Engineer: 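Supplied in structure tokens, the structure appears directly below.
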Amino acid sequence: MPSLVSHPDEVKVVSRRFGLGATDIDKYVELDGYKAVQQAIAKGPEWIITEMKASGLRGRGGAGFPTGMKWSFVPKQSEKPKYVLVNGDESEPGTCKDHVLFLHDPHAVIEGTMIAGLAIGSKLGFIYLRGEYRYLLKIVEKAVADAYAKGFLGKNIFGTGVDFDIITQTGAGAYEVGEESALMESLEGKRGVPRIKPPFPAVVGLYGGPTVINNAETIANAPHILLMGGEAYAKLGSERNGGTRLFGISGHVERPGVYELPMGYNLKRAIYEVAGGIKDGKRLKAVVPGGSSCPVMTADEIDVGLDFDQMGKAGTMLGSGGIVVLDESVSIVEFALRTIAFYQHESCGWCIPCREGTDWIKKTLTRVYNGGGNKKDVDNVQYLAENMLGRTFCPLGDAAAMPTIAFVKKFRKEFEDYIEGHKAGTPIITVEQLVGAH
Amino acid sequence: MSEIANTIFSPETAARFDHLVTIYPLKRSALVPMLLYAQDEIGYISDVVIAEIAQRLDLLELDVRNVLSYYSMLRTKPAGKYNVQVCTNISCMLRGGYEILDHCKHKLGIGHKGTTSDGVFSLEEVECIGACCWAPAIQINYDFHDDLTTEKVDVLFQMYRDGQGKDVK
């Protein structure tokens, strides 16, 4: 069972009920639970969206799109029913924050779903967890059942005349389903492949109706924002990056775990102070800052604030907040191969650049790793990755290409030294030959 | 009482399926959960399971197979009673995921996707299971075991052999 960690620098908003037994509905209510949704019913959709916009909350799944704005894009009048879809299909390597959230505070996700529903005029919400989280689904299912039993969900919630239902389910093992349009396809009982955009889900989403899709952590922040006020929440974070965020720090650190830190918190401090520094006194080599799709940072690049804008300026991304720390013992060649092997496995095959690109990069890096590489391979890998960028329906192609490009650009010498040290006499193969051979 | 006269599922699962098709705005939405629950009960998605689910959802068997083949957790062949899934993705790899996998292979005497001759365990190397901060981690059926060492793995296997392991479904 995942253990909880804490550090004095944490600012606990979304995690403030963790470890307090808030999976029990009475305990949740005692800890201000279901107050925010009742306020939301009383004050109406415009108030909710105003507060959400003021909070500066940006999507915690990785894209960082302003949540209040996303909710305001949903048309007020619609012939088709509107839906709220909570994305709990957390599958990005390095990311396990929603795991802790569902484990300790499932009612916050439920209450957030209801608030999003009220904001856009929806009567039905879905909470979709990844297939591997079946034991967490049981916790969420129980929480939903308890909320129905109390009259917080269903017809005439809190006796206010408002109706709202929630359906919970899991997927069955597919990283791609974490992409919002693939998630909708999966929920409609199809293969989880992405849809072409536009139209965007806010206009044509689940079952063709206007749909708001948010990451589970984003949704769970909504009740806290309404209770403390949007502006107060915004002040916790940095400029244009309101509030706090759950960061999962994993890999070679002394105290790995999920910590809630203010947006803009220094990455170097997060690693050296919050997570206790590098394991066994070794030296830091590199950091993958926000899940495996984010371009790697070298040890001397990490003195930077953890928010969407500052990480962007630093040439990488905040992503899903999954910080993976690599010490000096790690072979970047092996790490890059393991990363691309994941994307090759998870590519849905829908678009050619992603399906073929991930496969060829994996094949090339496998050969390099096994000692059959040559220096031209490093160029080939970069060429293939650069040609995937921006050429796919969904961001999976980019998610595979971006880290690959960063690995070969920032650690080119290590790749070349590795190839030199592992010569196996394989003839030089060009990109043209690679493509032709397929 | 199930809508299907000759259901292959237990009365509880059949009743669950009857309920599932009523809750979604579109019946077909129940497909992925149904396949998972069917697999939990039968052990794998057999041709008979496919036929019944297709019938329950007014789909072609081809539609069911098309979806079934997409998701990595769904299988068309039996696995062991306890399916051991070892994560070797980046966070687990950095903290000894491959050592755990090698140890499991050695201990169980089987490789990736293999099943022990007594049918108790099967083994799989899997992609990230969302236990990065508690790495290395494995999942046995739906139960997580994290912060592992090879010694802890030995204890776990013995627990499952002795019937003391959790069996979350």
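Letters A, B, ... are given to chains in the order of the sequence lines, protein chains preceding strands, and every chain is numbered from 1. Quick caveat: nothing in here was measured; it's all calculated off a predicted structure.
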Engineer: Less than 4.5 Å to any heavy atom of chain B: does that hold for the side chain of Leu136(A), its backbone, both, or neither?
Structural biologist: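 When you check distances to chain B, no heavy atom of Leu136(A) falls under 4.5 Å.
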Engineer: Side chain, backbone, both or neither: which part of Val177(A) has a heavy atom under 4.5 Å from chain B?
Structural biologist: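 For Val177(A), side-chain heavy atoms alone lie under 4.5 Å from chain B.
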Engineer: With distance as the sole criterion, is a donor-acceptor pair present between the side chains of Gln169(A) and Tyr24(B) under 3.5 Å?
Structural biologist: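 The criterion, which ignores hydrogens and geometry beyond distance, is satisfied for Tyr24(B) and Gln169(A).
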Engineer: Could you look at Glu92(A) and say if it's the side chain, the backbone, both or neither that has a heavy atom under 4.5 Å from chain B?
Structural biologist: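 Contact with chain B involves the backbone of Glu92(A) alone.
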Engineer: Tell me, for Arg130(A) versus chain B, whether the close heavy atoms (under 4.5 Å) come from the side chain, the backbone, both or neither.
Structural biologist: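 When you check distances to chain B, only side chain atoms of Arg130(A) fall under 4.5 Å.
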Engineer: Please name all residues satisfying salt bridge (charged side-chain N to carboxylate O under 4.0 Å, His left out) with Lys80(A), sequence neighbours left out, ordered by chain then number.
Structural biologist: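 Once residues adjacent in sequence are excluded, Lys80(A) has no partner under the salt bridge (charged side-chain N to carboxylate O under 4.0 Å, His left out) criterion.
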Engineer: Of the backbone (N, CA, C, O) and the side chain (C-beta and beyond), which part of Val258(A) lies under 4.5 Å from a heavy atom of chain B, both, or neither?
Structural biologist: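 Both backbone and side chain.
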Engineer: Ala275(A) versus chain B, heavy atoms under 4.5 Å apart: side chain, backbone, both or neither?
Structural biologist: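 Contact with chain B involves no heavy atom of Ala275(A) at all.
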Engineer: Between Ser186(A) and Tyr70(B), is any side-chain donor less than 3.5 angstrom from a side-chain acceptor?
Structural biologist: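 Absent: no donor and acceptor within the cut-off.
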Engineer: Below 4.5 Å, heavy-atom pairs only: which of Asn66(B), Leu31(B), Ile23(B) has the largest tally toward chain A?
Structural biologist: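 Answer, by heavy-atom pair count under 4.5 Å with chain A: Asn66(B).
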Engineer: Tell me, side chain or backbone of Val64(B) under 4.5 Å from chain A's heavy atoms, or both, or neither?
Structural biologist: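 Neither part.
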Engineer: Under a 4.5 Å cut-off applied to non-hydrogen side-chain atoms, are Val324(A) and Cys132(B) in contact?
Structural biologist: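 Contact flag for Val324(A)/Cys132(B) side chains = no.
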Engineer: Is Glu127(B) reaching over with its side chain to a backbone N or O of His345(A), donor-acceptor style, under 3.5 angstrom?
Structural biologist: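 Flag not set: sc Glu127(B) to bb His345(A) has no pair under 3.5 Å.
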Engineer: Is chain B contacted by the side chain of Lys279(A), its backbone, both, or neither, given a heavy-atom distance below 4.5 Å?
Structural biologist: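 Lys279(A) touches chain B through side-chain heavy atoms alone.
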Engineer: Tell me, for Leu124(A) versus chain B, whether the close heavy atoms (under 4.5 Å) come from the side chain, the backbone, both or neither.
Structural biologist: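 Looking at Leu124(A), just its side chain touches chain B.
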Engineer: Flag the pair Leu94(B) / Phe335(A) as yes when at least one side-chain heavy-atom distance between them is below 4.5 Å, and no otherwise.
Structural biologist: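 A side-chain contact exists here, since the closest heavy-atom pair is under 4.5 Å.
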